[in-house]
Amino acid sequence: MSADDRLLSAWTELADFGKRVALATSALATVREADVKIAETPREEICRLGGRTLHRLVRAGPARIGTPVLVTYAMVGHWNVLDLQEDRSFLRNLVDAGCEIYVTDWGHPTLADQFDDFGDLINGYLDGFVDVICERHGLASITLLGICQGGLLSLCYAALHPDKVSNLITAVTPVDFHADQKEERVDSGFMNVWTRSLTSDDIDLLVKAMGNIPGEVGGTMFSLMTPLRTLAKYNLTLLQAGQSADALMNFLRMEKWLSDRPDHTGAAAQQWLKELYQENKLVRGQLRIDGRLVDLNAVDMPVLNIYSETDTVIHPLASKAMRGAVASKDYTELPVSGGHIGIFVARSKKLSNSIADWLAKH
Amino acid sequence: MTGMWNAWLQTAEVVSRERGVESTKLFNRLWDPELWRAGGLAPLLQEMQDVFSLPRLADLPSFDLSPLKSSASMLDLMGVAQQYVAVSIPLWLLISRNFQGEITRHAEAGKAVRTPGEALDLWNNVVDRTFMEFNRSADFARLQQRLLRALTEYRLDMRKLGEKSAQLLDMPTRSEMTEVYRRMHGMQRELKDLRQQLRALRRQVEATSTSKGSS
């Protein structure tokens, strides 16, 4: 390529870049905060326990799958990412696939909630919601679907109350918090590395100082996991998204979800970081909740474990460790491709259909 | 007279032994750069308070360095924050070196970078990888730990100051509210347990009356 050709090519690229910036700027100029809505699938509030709410997604007709499903997301981030927009809604897709869906809403913990620990989350709120759902449907047990930390809470619930759980579905759920050391990857398991670099006193001091762990701490950790994405978000990524109205709205909806970072109750955070991330007590059979040992051998109901090989937040080996840990004779693994959140905000209905088909057989 | 002087000499010896040696060690630590790097000024002040304090005397104010401690915490936090920012300078130099290395490797493999777009893609990959490797390094972990500690210590020291002002103005303090929340949490748990016991008893009674009715 001659020097003139290279110069012409560079000018052409610059002009194209300028056009793209102009397009993105005018697209952004037309959008107001009120236009960006998430969690639009119709739902009804069933009950409240303290600051936690149980929702039910409204369905048009009867459910194909008889046993209702209680979906529990993590306390880190809000559940409404599972219902991001009409064509990217994991929950709506499950409803369309024939499931009766209930959702645990952890709300926005305040300092009044700082002493809520795993015992409260599992034996208090989750158990209370399970009882309400069982009573509404005249059933003795329901299906639990837990995502990430919600999966861990659901797993512990299933171990402590196996008679109330007909099926257990976990997605991108860590079970062995030290499994990342068996296969060190630079693009996964950062939380494991970070937590292990702190002492137990550091975590206690953080909780003592803050009461709850601020949502911003989790946000910072997630930013450190994907540094380029963080650096490029408001320049390259936004520029790319601004080339189409749909892409821009999708970007803004994700931003809306990300900006809503609930705090994590202090006592539960101490258990999460110390007893799980640092001491790995669950898989070692040493985790106690309300004084009771969480014995994963009590998890004998059908289990569907979904994980992603490209998950940057939860190392896939941490999820796959469930295979050897539970006593279920009907254990199925479902590897999916996509990011930790990406698999739930994708357009594809493959994941929700796979879950519904599995439930139809159980 | 000699007895008095002897007594004072003994006093000087006791004070030197009980307080002097420790305080000298503490003051010497002020010259240690590692103390400043690790945000150790506020903890050092706490140790000094422990060394110099006397038993509480009811009608006299106590020896309290807490107003100084909050300033020390702030200095520690500023120092660690500067380290946090400063660490990025050699990191960007490393990224530039890695980028140059990648450019050379691509050229040697016959896949020379031809357009600004290709160069940007390569740069982004190098930035991502270098940052991810650094974020997982022991150096970064140590810095993060220091920053977290400095932040939390500062917050706790500011809270102590704030609580003193709140007490003067007769306002609830954070510590008092935390205690209220702790009691409330305990009561909620007790209530939940009582409800469960009540439900179990009701079920027992219903089961008993059902079996009596059927017999």
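No hydrogens, no waters, no symmetry mates; every other heavy atom, side chains included, goes into these values.
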- Task: Check step by step if side chain to side chain contact (heavy atoms under 4.5 Å, CB included) holds for B:Phe131 and A:Leu228.
- Result: CA-CA 8 Å; B:Phe131 263 113; A:Leu228 181 70; over 6 Å; no
- Task: Tell me, out of A:Leu198, A:Leu49, A:Thr230, A:Asp201, who's got the most heavy-atom pairs with chain B below 4.5 Å.
- Result: A:Leu198
- Run the side chain to side chain contact (heavy atoms under 4.5 Å, CB included) check on B:Gln196 and A:Asp127 step by step: do they pass? CA-CA 11 Å; B:Gln196 274 178 341; A:Asp127 192 42; 4.0 Å; yes
- Is the closest side-chain heavy-atom distance between B:Tyr181 and A:Asp113 below 4.5 Å? no
- Message: Looking at every non-hydrogen atom in both residues, tell me the closest pair between A:Leu206 and B:Thr152 and how far apart they are.
- Response: CA-CG2, 3.6 Å
- Whatever's closer than 4.5 Å to a heavy atom in chain B on A:Met210 counts as both
- Task: Could you tell me which portion of A:Leu14 (side chain, backbone, both or neither) has an atom closer than 4.5 angstrom to a non-hydrogen atom of chain B?
- Result: neither
- Query: Between B:Arg114 and A:Asp5, does a salt bridge (Lys or Arg N to Asp or Glu O under 4.0 Å) hold up when you go through it step by step?
  - Reply: CA-CA 11 Å; B:Arg114 292 181 202 285; A:Asp5 286 338; over 6 Å; no
- Message: I need the minimum non-hydrogen distance between A:Gly189 and B:Arg136, along with the two atoms involved.
- Response: C-NH1, 3.8 Å
- Task: Examine whether an atom of B:Leu151 lies under 4.5 Å from a heavy atom of chain A, and if so say whether it belongs to the side chain, the backbone or both; otherwise answer neither.
- Result: neither
- Item | Where B:Trp92 and A:Leu231 come nearest, the two heavy atoms and their spacing | CH2-CD1, 4.4 Å
- Determine whether A:Thr199 and B:Arg149 make a side-chain contact, defined as any pair of heavy atoms from C-beta on separated by less than 4.5 Å. yes
- Message: On a heavy-atom basis, which atom in B:Gln144 and which in A:Trp194 lie closest, and how many Å separate them?
- Response: OE1-NE1, 2.9 Å
- Message: Using heavy-atom distances under 4.5 Å, tell me whether B:Tyr154 contacts chain A through its side chain, its backbone, both, or neither.
- Response: neither
- Item | Most chain A-contacting option - heavy-atom pairs closer than 4.5 Å, from B:Val127, B:Thr115, B:Leu156, B:Val180 | B:Leu156
- Turns out that what part of A:Val186 lies under 4.5 Å from chain B's heavy atoms comes down to both
- Note on the structure: What one should report as the nearest heavy-atom pair of A:Thr226 and B:Asp128 is C-OD1, 4.4 Å
- Message: If I measure from the heavy atoms of chain A, does B:Gln145 come under 4.5 Å with its side chain, its backbone, both, or neither?
- Response: both
- Note on the structure: In this structure, CD of B:Glu133 is separated from CG of A:Asp187 (nearest 0.5 Å) by 11.0 Å
- Contact class of B:Thr178 relative to chain A, heavy atoms under 4.5 angstrom: both
- Task: Over all heavy atoms of both residues, which pair between A:Gln114 and B:Arg174 is shortest? Give the atoms and the distance, please.
- Result: OE1-NH2, 4.5 Å
- Task: Could you please spell out the steps behind the salt bridge (Lys or Arg N to Asp or Glu O under 4.0 Å) verdict for A:Asp290 and B:Arg189?
- Result: CA-CA 11 Å; A:Asp290 284 344; B:Arg189 283 202 151 206; 3.0 Å; yes
- chain A heavy atoms under 4.5 Å from B:Arg155: which part of the residue, side chain, backbone, both or neither? side chain
- Message: At a 4.5 Å cut-off on heavy atoms, which part of B:Met132 comes close to chain A: side chain, backbone, both, or neither?
- Response: both
- Query: What's the spacing between A:Tyr125 OH and B:Lys192 NZ if we round to 0.5 Å?
  - Reply: 10.0 Å
- Task: Could you tell me whether the side chain of A:Asp120 reaches within less than 4.5 Å of the side chain of B:His185, counting heavy atoms only?
- Result: yes
- Task: To the nearest 0.5 angstrom, please state how far the CG atom of B:Asn124 sits from the CZ atom of A:Arg229.
- Result: 12.5 Å
- Query: In terms of heavy-atom proximity below 4.5 Å to chain A, should B:Arg142 be classed as side chain, backbone, both, or neither?
  - Reply: neither
- With side chain to side chain contact (heavy atoms under 4.5 Å, CB included) as the test, would you mind laying out the steps for B:Leu148 and A:Val217 before giving the verdict? CA-CA 10 Å; B:Leu148 191 70; A:Val217 171; 6.0 Å; no
- Can you say whether B:Arg159 sits under 4.5 Å from chain A via the side chain, the backbone, both, or neither, judging by heavy atoms? side chain
